[in-house]
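Taking it in order: structure first as structure tokens, then the write-up.
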Amino acid sequence: MEYNFKEIESRWRKQWAELKTYKVAEDPSKPKYYVLNMFPYPSGAGLHVGHPLGYIASDIFARYKRLRGFNVLNPMGYDAYGLPAEQYAIQTGQHPAKTTEQNIARYREQLDKIGFCFDWDREVRTCDPQYYHWTQWAFRRMFLSFYCNKCQSARPIEELVARLEQKGTEGLDVAQTEELSFTAEEWNAMTQKEKEEVLMNYRIAYLGETMVNWCPKLGTVLANDEVVDGVSVRGGHPVVQKKMKQWCLRVSAYAQRLLDGLDTIDWTDSLKETQRNWIGRSEGTEMEFKVAGSEDSFTIFTTRADTIFGVTFMVLAPASDLVAQLTTHEQKAEVEEYLAATKKRTERERISDRKVTGVFSGSYAVNPFTGESIPIWISDYVLAGYGTGAIMAVPAHDSRDYAFAKHFNLPIVPLIEGCDVSEESFDAKEGIVCNSQSEKFSLNGLTVQEAIAATKKYVTENGLGRVKVNYRLRDAIFSRQRYWGEPFPIYYKNGMPQVLPEECLPLELPEVSKFLPTETGEPPLGNAQLWAWDTEKNAVVDKALVDDKTVFPLELSTMPGFAGSSAYYLRYMDPRNDKALVSRESDEYWKSVDLYVGGSEHATGHLIYSRFWNKFLFDIGVSCEQEPFRKLVNQGMIQGRSNFVYIIKDTNTFVSFGLKDEYDTTPIHVDVNIVQNDILDVEAFRSWRPEYKDAEFILEDGKYVCGWAVEKMSKSMYNVVNPDLIVEKYGADTLRIYEMFLGPISQSKPWDSNGIDGSFRFLRRFWNLFFEGEDLAVADVAPGKENLKSLHKLIKKVTEDIEVFSYNTSVPAFMVATTELAQQKCRSREVLEQALVLLAPFAPHICEELWHRLGHSETIFDAAWPEYDEKYLKEDTLTLPVSFSGKTRYTIEVAADAQNAEVEKAALEHPSAAKYLEGKQIVKIIVVPKRIVNIVIK
RNA sequence: GCGCUUGUGGCGAAAUUGGUAGACGCGCCAGACUUAGGAUCUGGUGAUUUCGGUCGUGUAGGUUCGAGUCCUAUCAGGCGCACCA
């Protein structure tokens, strides 16, 4: 019987869809398992062969879990908001909703061909109002919340208001943009607008001033990589650093919880480390420095409080508010010139050229330990956004301070016994402290670690400062001047943002006349006519009606890409609920994602935001789990394997790879789809492009051999392999098997179509196991001992592999078992059916087909996963290697249950033994049961 | 610079707690069947060899009866963070 994969696969594709085989509902009688893939952005290019890698791996796991009796949730959807659709819209006028719709249709078609067990009834799209309703809803709640440090949780903003009314800011311990200080009386005397401004300092979603790359000509904020040499990459327009009001999320409030949570989840060490790095916790000391000859003082942050006696200057960040305060009259012009110069440089430039720059402020600070006067400088190597934006510089023990001191000829005082600071600073936190003594306090003779602790203690006890933990993690900037994104449920009254009532959500994205910014530099939503909020009607109205009494302008920015992807895993649990993001029942049943599969490029983006978002939802009682993703597996990237042809210079003649060195040639990328096993289809090449119509070839052995290289899979390299073509030629099951066989899931590897025949041959051999000629060759006969051994060996291997998510070694196990069963001419229904169930997660179509041919009416995925029994794996006799001092010499046959003494005897009685023992003395004999006999000789 | 990670045939890769290195697939070689083969099936395939062996898991040491696996140093590639005080 021929293995007709086309017929089989199209039949089951249809059946599964019609019967809704993969539809899932909460079922308290079964344990749940939630498998999730990072949902794709539906790009216009469609899927290439690398995209489904993770989907296939998780699909196998989902099917396996189902066979194990779990109720498995395995949903799929689309991250549908994104820049490419918007840019396409700007160029063509085509509405992004329309292109997105088309791309999704194409993705769906491609995904359907691969045979995934997704429950498509749960599909979500981030651009669907029914979906972004809950993105807006979560934002709204963030706006209405503050973060209490004491209870480590988000709380309703009313609680904060009530507290401010009673006690003002006294003893307030909450997450905040800056530390404010006022009494209850002062608060109560504030106007409504003033109060709202103050509250902005505490809200979890807040409007804040941040530095951005602003391009006035384009009317938009640009990312760092969109700016080179101070001008925009597109168009070459000047870009300036500008403080702008942007929506922000107070992610930093959750820094410690995001850090602690990492210890509770099953992610790879490298990914956890990346996140720890990104959160960047550092324990240090905040110290107060008085300004010489003034009542003013300022605070710095340091992790090296022990180096206080080596401070020879102070440095302020140019953007720090202290700059204006501390610049003296005489230095004013020079400082302003410097500030103007630093403003022009982008962050990226500053980091890349690493030139030492700076200017003296004119002021001096007083060292709180020694009373010495220290000059205060301004330099852009100090960042305004970290710590307090001011540092104490210790050039002897910090390489950046050292470079600065050398450049401006400032003194360098070493503080560690025996360290040499003539050429470079001594940054290591080790050694014995010296030169560190004042009248009241000495660190001399202590180790650095002891000195840090002693200084902290002294500083705290003497009111010079406090112990402080700082995080590198910054608040997320949450507005984008773009059209194709979620609108904010915000309108402005008296210039202050107001949130829409909950029942008015979703606020739908309006139609616009064009997708570009307006002439006045407003974001694209400024082009929308119907974009004002009527607080009486509670409805969107024409913006011409704005009267600042009952009708107000709506927010013009939209949310960034990560907004929609931050809580989609919760929405899948209950995707059609129009009363809540997720119902309590659904959430308590599915809890959190048990297995999350996706690329590691999201380590510091989506995977941080999503954890933050979930923790917030946990705080407000929506999500019942602290961590959204229990286990995370990063699939590697599939790279392209490009093919080259070699054209002889100034001719239209191409020379085969092996002969190219005899000519002066230029390599040219050639479409990998007209190359097979590195042999070029010359006719296809001639018709590939008009200029190659009359191409001539110099062949080797009658073939044109192409060169190859591993590169990124991309259109321009002509190395994109479309899964549709593989499915067409070999079938989805072969594609699935081959993708898993290619190598470990988490490793990046090039796609190489050359090996795919092997996977196809395996499936055909497996199919043939069930037939004799045209007839089914399966019988209700008792399985032979050898059959059971092959089967149970397979069950053991496959079960163990799937549990640890390493399928690349299961595929060979299937190949071996298939060969063995074929050689044994196994006809046993019992054995073959179990083998079928084992293969079903990997190759669902072929297994479902055979399962039904064997007379089953239910889907194979309702069968039970076979358990293996050690008793079938036992050997009667064992072949053991015998080695002499570690070098294997011969093998012996012993009974499986032989005692060590018997094994020893058998080893020494072997005819070869005498040869190796000649003139030698046995020191000892080591017998490792069932493994090896090692005779140590002298 | 700091952190993580990986180095095994012509290629993708296996290898349990340290126990016969290279499973399985590709490629290659030989054979069978074929008018034919870019189809199918069978066998072989780390290097070297005086056919006894010898050498082989990036490199150099170490521990051990025994090391791809453990330890120390070092080299190379990949990824992440990067003036974070």
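Sequence lines set the chain letters: A, B, ... in the order given, protein chains first and strands last, and positions in each chain run from 1.
Few gaps surround CG on Asp266(A); more than 12 heavy atoms of other groups in view lie less than 6.0 Å from it. Around the CD atom of Glu288(A), the shell of radius 6.0 Å holds more than 12 heavy atoms that belong to other residues, nucleotides or ligands.
Distance noted for atom P between G44(B) and C79(B): 41 Å (whole Å). One P atom belongs to C28(B), the other to U72(B), and the distance between them is 45 Å to the nearest Å. Taking the P atom of each, U59(B) and A67(B) are spaced 15 Å apart, rounded to whole Å. Comparing U49(B) with U42(B), their P atoms sit 33 Å apart, to the nearest whole Å. Nucleotides G19(B) and A15(B) place their P atoms 12 Å apart, quoted to the nearest Å.
Taking the six-membered ring where the residue is Trp, His910(A) and Tyr890(A) present parallel rings, their angle staying beneath 30° rather than reaching 60°. Note on ring orientation: taking the six-membered ring where Trp is involved, the planes of His602(A) and His606(A) are perpendicular (angle over 60°, cut-offs 30° and 60°).
As rounded to whole Å, 16 Å separates atom C1' of G19(B) from atom CD1 of Ile925(A). We find that NZ of Lys272(A) is positioned 18 Å from C1' of C79(B), with the value rounded to whole Å. The CE atom of Met740(A) sits 14 Å away from the P atom of A14(B) (whole-angstrom rounding). Spacing between atom CD1 of Ile279(A) and atom C1' of G80(B) amounts to 14 Å, rounded to whole angstrom units. Rounded to whole angstrom, the span from the CZ atom of Arg276(A) across to the C1' atom of C81(B) amounts to 14 Å. If you take CD of Glu283(A) and P of A85(B), they are 12 Å apart, rounded to a whole angstrom. Between the CD atom of Gln747(A) and the C1' atom of C4(B) there is a distance of 15 Å, given to the nearest Å. Atoms OH (Tyr807(A)) and P (A13(B)) sit 18 Å apart, rounded to a whole Å.
Looking only at atom types and distance, the side chain of Ser252(A) has no donor-acceptor partner in the side chain of Tyr471(A) under 3.5 Å away.
Note on Val382(A): a base of the nucleic acid sits closer than 4.0 angstrom, heavy atoms only. When heavy atoms are screened at a 4.0 angstrom cut-off, Leu742(A) is found touching the sugar-phosphate backbone but no base atom. Contact annotation for Ser883(A): no contact, since no heavy-atom pair falls under 4.0 Å across all strands. Among the atoms of the strands shown, none is found under 4.0 Å from any heavy atom of Asp752(A). Within the nucleic acid shown, Pro750(A) has no heavy atom closer than 4.0 Å to any nucleic acid atom.
The partner of C81(B) is G1(B), by the rule that a Watson-Crick or G-U pair needs both atom distances under 3.5 Å.
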Exercise for review: Take Asp801(A) and Lys797(A) through the salt bridge (Lys or Arg N to Asp or Glu O under 4.0 Å) test and state the conclusion after the steps.
Suggested key: CA-CA 6 Å; Asp801(A) 278 356; Lys797(A) 175 72 179 150; 3.3 Å; yes
Just do the salt bridge (Lys or Arg N to Asp or Glu O under 4.0 Å) check on Asp263(A) and Arg276(A) with the steps written out, would you? CA-CA 11 Å; Asp263(A) 296 331; Arg276(A) 284 195 191 103; 3.3 Å; yes
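Applying the 90° cutoff around 0 to the glycosidic angle, G52(B) is assigned syn. Nucleotide G9(B) is shown with a syn base, its glycosidic torsion being within 90° of 0.
Taking side-chain N and O atoms only, Ser270(A) has no distance below 4.0 Å to OP1 or OP2 of G3(B). For Asn808(A), no side-chain nitrogen or oxygen approaches OP1 or OP2 of C24(B) to under 4.0 Å.
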Atom pairs, N/O to N/O, protein against nucleotides 40-46 of chain B, distance under 3.5 Å?
unit_1, atom_1, unit_2, atom_2, d
U40(B), OP1, Arg764(A), NH2, 3.2
U40(B), OP2, Arg761(A), NH1, 3.3

Within the sub-3.5 Å range, which N or O atoms of nucleotides 15-17 of chain B have a protein N or O partner, and how far apart are they?
unit_1, atom_1, unit_2, atom_2, d
U17(B), O4, Arg931(A), NE, 2.5
U17(B), O4, Arg931(A), NH2, 2.2

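A cation-pi arrangement is present between Arg611(A) and Trp267(A) under the rule of less than 6.0 angstrom and at most 45 degrees off the ring axis.
For the pair Glu2(A) and Arg764(A), the salt-bridge criterion is not met [side-chain N within less than 4.0 Å of a carboxylate O].
Checking Lys793(A), Arg765(A), Lys789(A) one by one against Glu820(A), the salt bridge (charged side-chain N to carboxylate O under 4.0 Å, His left out) holds for a single residue, Lys793(A).
Aromatic ring centres of Phe309(A) and Phe369(A) lie closer together than 6.0 Å.
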